[in-house]
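These figures come from a predicted structure and were not determined experimentally. We count residues from 1, following the sequence as given.
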Amino acid sequence: EQQETARRTREEGQDELRQALLDIQANREEELRATIQAIDTRQLRQILSLLRSCEVMEVVSEGGGLPVAFDASIRFSHLGKRCVSSAVHEKNLAFAQTLTPKDILIVLSASGQSARLEEVSAVAKGRDVPVLVITCDSHGPLAQLADYVMTASNREQRLIEGSHAASLLSPNVLIEVLYYLLRMENL
């Protein structure tokens, strides 16, 4: 009987683990669906036109969003674009001061608010540089500074109670959407 109890306990643990995996999968699928469905195609065409015609792209972020910014910089560089990204705020700020209206600033911020990113965005805006913000908060301070806003869904809070880091899945998917659409000449 002890062996039977141990077997049932293992199976129940496996069922709980399987259910947790299914919950995570459903959550991520919903996050992606919501992110893609939130894309305004009129604005997307304008963004793609800017990205195709710009001379230089600067991609800025902070903290956990830096890997997405670096990935964006690498992807767009593979398309032949001059693209820069740095983890150092002072470098981002100094570079923003060299941008022209023929360039673009891409800001990645899940929270939609960051004094440092707002400072870089304000410098770019002061130089008439188009600003694209990718954020989970389309009404935050960074969105207010932007010419274009792409909203990334964030369903992390539905998986974990308490404090949590924002998911990077949706912002990364939006960068991938831009990258793949830029590769498609006819769109």
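A distance-only check finds a donor-acceptor pair linking the side chain of D103 to the backbone of T100 [under 3.5 Å]. For the pair Q43 (side chain) and V149 (backbone), a donor-acceptor distance under 3.5 Å is present. Checked by atom type and distance alone, the side chain of S77 pairs as donor or acceptor with a backbone atom of S73 at under 3.5 Å. With T35 contributing its side chain and S153 its backbone, the two residues share a donor-acceptor pair below 3.5 Å.
In this structure the side chain of L174 reaches within 4.5 angstrom of the side chain of I39, judged on heavy atoms. Side-chain contact between L182 and K81: absent, with no pair of heavy atoms (C-beta onward) separated by less than 4.5 Å. In this structure, L178 and L44 have side chains that are in contact, with non-hydrogen atoms separated by less than 4.5 Å. Between D23 and Q19, the closest side-chain pair of non-hydrogen atoms falls below 4.5 Å.
Between E119 and R116 there is no salt bridge, since no side-chain nitrogen of the basic residue lies less than 4.0 Å from a carboxylate oxygen of the acidic one.
Contact detail for G112 and S109: the closest heavy-atom pair is N-OG, 3.0 Å.
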*asked:* Test side-chain contact (heavy atoms from CB on, under 4.5 Å) on N172 and E176; report intermediate values, then the result.
replied: CA-CA 6 Å; N172 197 51; E176 286 190 2; 3.8 Å; yes
*With side-chain contact (heavy atoms from CB on, under 4.5 Å) as the test, would you mind laying out the steps for L50 and D147 before giving the verdict?*
CA-CA 11 Å; L50 275 171; D147 298 294; over 6 Å; no
*Carefully, step by step, assess L169 and V173 under the rule side-chain contact (heavy atoms from CB on, under 4.5 Å).*
CA-CA 6 Å; L169 180 63; V173 163; 4.3 Å; yes
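With rounding to the nearest 0.5 angstrom, the CD atom of E118 is 14.0 Å from the NZ atom of K125. From T41, atom OG1 reaches atom CD of Q46 across 10.5 Å, with rounding to the nearest 0.5 Å.
Under the 4.5 Å side-chain heavy-atom criterion for grouping Ile, Leu, Val, Met, Phe, Trp and Tyr, L66 is not connected to M57 through any hydrophobic cluster. The same ILVMFWY cluster, assembled from side-chain heavy atoms under 4.5 Å apart, contains both L48 and I106. No continuous path of ILVMFWY side-chain contacts below 4.5 Å connects Y180 to I74, so the two sit in separate hydrophobic clusters. In terms of hydrophobic clustering, with Ile, Leu, Val, Met, Phe, Trp and Tyr side chains grouped at heavy-atom distances under 4.5 Å, L51 and F70 are assigned to different clusters. Follow the hydrophobic side-chain contacts under 4.5 Å out from V59 and you never reach V88; the two are in separate clusters.
Pairs of residues two or more places apart, or lying in two chains, that qualify as side chain to side chain donor-acceptor pair (under 3.5 Å) and include a residue from residues 54-63 are E62-S114.
When each of N27, L21, L22 is checked for a side chain to side chain contact (heavy atoms under 4.5 Å, CB included) with Q25, only L22 meets the rule.
No more than 12 heavy atoms of other residues, nucleotides or ligands shown are found within 6.0 angstrom of CZ on R183.
Within the hydrophobic cluster formed by Ile, Leu, Val, Met, Phe, Trp and Tyr side chains joined at under 4.5 Å, directly or through other members, F95 is accompanied by V56, V60, V84, L93, L99, L105, V107, L117, V120, V123, V129, V131, V133, L142.
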